[in-house]
Protein chains: 2
Amino acid sequence: MKELAQQLKEKNLKVTPQRLAIFQMLSNTVEHPSAETIYKALETTHPTMSLATVYKTLDALKKASLIQELNVGEDCFRYDARTHSHPHLICVSCCKVVDMDSIYLNDIRERVEKNSDFDILDEKIYFYGVCPNCKESKEH
Amino acid sequence: MKELAQQLKEKNLKVTPQRLAIFQMLSNTVEHPSAETIYKALETTHPTMSLATVYKTLDALKKASLIQELNVGEDCFRYDARTHSHPHLICVSCCKVVDMDSIYLNDIRERVEKNSDFDILDEKIYFYGVCPNCKESKEH
DNA sequence: TATTATATAAAAATTATTATCAGTAAGGTG
DNA sequence: CACCTTACTGATAATAATTTTTATATAATA
């Protein structure tokens, strides 16, 4: 909370209840909700907030590097309050999106740079598969 | 060519000039065009073909695993006639999308499976950076 | 040939996202 | 605290990629 307010101020962004609510909601979930999902989740506590505000807030937070946008291949974006690049795992059965500690893939960027001659700035890594839960329920 | 006709038949898909044209166009380019780009590229040779047909054909080819859909983070999809999963490099300066031989990353999927308990079926890996060309032109 | 299934083109519909704009609130300054 | 500037909000309209629909055409099959 206080951190967010601080960081917003540093970027000349105003601290508003809507921004706090959206950032807090994103920080407290392990899901990776879309704009629509966030909007609906805040409907009860912030009934007057419009969908446009959700979009604009997400855009502002994204530009301020306070959240990141995920492009899982669906028809809409998802958002993640963890801003350092880390791979995501998507369950093709239940559509859940979970974080993966990137420590396991630390050496990849280096390898790619060596082999491609690109200067790599960022990466987006998605793995698609069946999560432990869905594996189990399929077996029964 | 003949191969495609064969493969379409095997999947109970009809062989049509439009499908052949789109697949051929995709096979002969190292770019990774979008539906719109494909549509425009075929405008002269296939003036009657509609954009809806392009979309449906791409969808059919995708479902038949004859092409793959790329989600680079733009507002539309790109397509690739190489169907085995391989990482893509996107130049943030000139927006070029290039293929990367996946040999270099062969061991990753295994590592991820071990650490996540998912059964991994597929992966989408994108690296964003500056390509050799753009690096050079920036220096001068 | 008659029948059936699938493909196409054109247009309309859908849907995520963005733009517009009038009204409002935040945060600074005196 | 009152004022002022600027950024933000909310409602709605606009945009654009994609999907669906509908009518027609084509091919496969009996």
Side-chain angles (χ1 to χ4, degrees), chain A residues 1-2 4-25 32-64 66-79 95 97, chain B residues 4-23 32-64 66-79:
Chain A
M1 279 314 96
K2 280 166 201 163
L4 174 67
Q6 198 68 38
Q7 286 182 285
L8 285 174
K9 277 180 195 162
E10 279 165 17
K11 314 231 177 187
N12 278 325
L13 296 171
K14 290 190 174 166
V15 181
T16 69
Q18 292 88 341
R19 288 176 174 178
L20 293 172
I22 289 170
F23 186 76
Q24 182 176 23
M25 186 271 178
H32 297 72
S34 65
E36 189 74 31
T37 309
I38 295 167
Y39 174 64
K40 282 186 183 146
L42 296 175
E43 214 163 35
T44 46
T45 53
H46 296 74
T48 69
M49 185 162 55
S50 89
L51 186 55
T53 299
V54 175
Y55 275 106
K56 278 183 282 196
T57 298
L58 289 171
D59 192 56
L61 293 175
K62 184 178 72 183
K63 281 182 179 145
L66 295 166
I67 63 171
Q68 71 168 308
E69 192 174 65
L70 305 185
N71 200 336
V72 169
E74 296 166 325
D75 47 8
C76 63
F77 291 113
R78 286 168 174 261
Y79 295 87
C95 292
V97 178
Chain B
L4 175 67
Q6 199 67 41
Q7 288 180 285
L8 284 174
K9 276 180 195 159
E10 278 166 17
K11 314 237 176 186
N12 283 323
L13 294 172
K14 294 195 172 162
V15 182
T16 69
Q18 292 86 345
R19 287 175 175 178
L20 292 172
I22 289 170
F23 186 76
H32 297 73
S34 65
E36 189 74 31
T37 310
I38 294 168
Y39 174 64
K40 281 185 184 146
L42 296 175
E43 213 162 36
T44 47
T45 54
H46 295 73
T48 69
M49 186 161 55
S50 85
L51 186 55
T53 299
V54 175
Y55 277 109
K56 274 186 288 194
T57 299
L58 290 171
D59 193 55
L61 293 175
K62 185 178 74 183
K63 282 182 179 145
L66 295 167
I67 62 170
Q68 70 168 310
E69 193 174 64
L70 305 185
N71 200 337
V72 170
E74 297 165 327
D75 47 8
C76 63
F77 291 112
R78 286 167 174 261
Y79 296 87

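What you are looking at is a predicted structure, and each value in this text was computed from that prediction instead of being measured. Chain naming here is simple, since letters A, B, ... match the order of the sequence lines and numbering starts at 1 in each.
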Rounded to the Å, how far apart are I22(A) CD1 and dC8(D) C1'?
12 Å

Round to the nearest Å and state the distance from L20(A) atom CG to dG27(C) atom P.
9 Å

Under 4.0 Å from OP1 or OP2 of dT8(C): is there any side-chain N or O of T53(B) that close?
no

Would you mind classifying the nucleic acid contact of T48(B) as base, sugar-phosphate or nothing, using non-hydrogen atoms under 4.0 angstrom?
sugar-phosphate

Gap separating the NE2 atom of H32(A) from the OG1 atom of T37(A), nearest 0.5 angstrom:
12.5 Å

Select one nucleotide: of dC8(D), dT20(D), dT17(C), the one nearest the side-chain heavy atoms of C76(A).
dT17(C)

Where the side chain of V15(A) is defined as all heavy atoms beyond and including C-beta, which of dG27(C), dA28(D), dT8(C) is the nearest nucleotide?
dG27(C)

Atom CZ of R19(A) to atom P of dA25(C): distance rounded to whole Å?
15 Å

Looking only at dC8(D), dT18(D), dT8(C), the nucleotide nearest the K56(B) side chain is dT8(C)

How many Å lie between CZ on F77(A) and P on dA16(C), as a whole number?
13 Å

Between D59(B) and K56(B), is there a salt bridge with N-O shorter than 4.0 Å?
no

With the side chain of K14(B) defined as its heavy atoms from C-beta on, choose the nearest nucleotide among dG27(C), dA27(D), dG10(D).
dA27(D)

Distance test, side-chain N/O of Q18(B) to OP1/OP2 of dA9(C), below 4.0 Å
yes

How many Å lie between CG on L51(B) and P on dA11(C), as a whole number?
13 Å

N/O (side chain, Y55(A)) to phosphate O (OP1/OP2, dT17(C)) under 4.0 Å
yes

Which distance, rounded to the nearest 0.5 Å, do you find between the CD1 of I67(B) and the OG1 of T57(B)?
9.0 Å

Side chains of Y79(A) and E69(A): do they bring a donor and an acceptor to under 3.5 Å?
yes

Would you compute the distance between atom NE2 of H46(A) and atom OG1 of T53(A) and round it to the nearest 0.5 angstrom?
11.5 Å

dA11(D) OP1/OP2 closer than 4.0 Å to side-chain N/O of S50(A):
no

Distance, rounded to the nearest Å, where D59(A) contributes CG and dA16(C) contributes P
18 Å

Just N and O in the side chain of T16(A): are any of them under 4.0 Å from OP1 or OP2 of dT9(D)?
yes

Which whole-number value in Å describes the distance from Y79(B) OH to dA17(D) P?
12 Å

Rounded to whole Å, the CG-P distance (L13(B) to dA27(D)) equals 16 Å

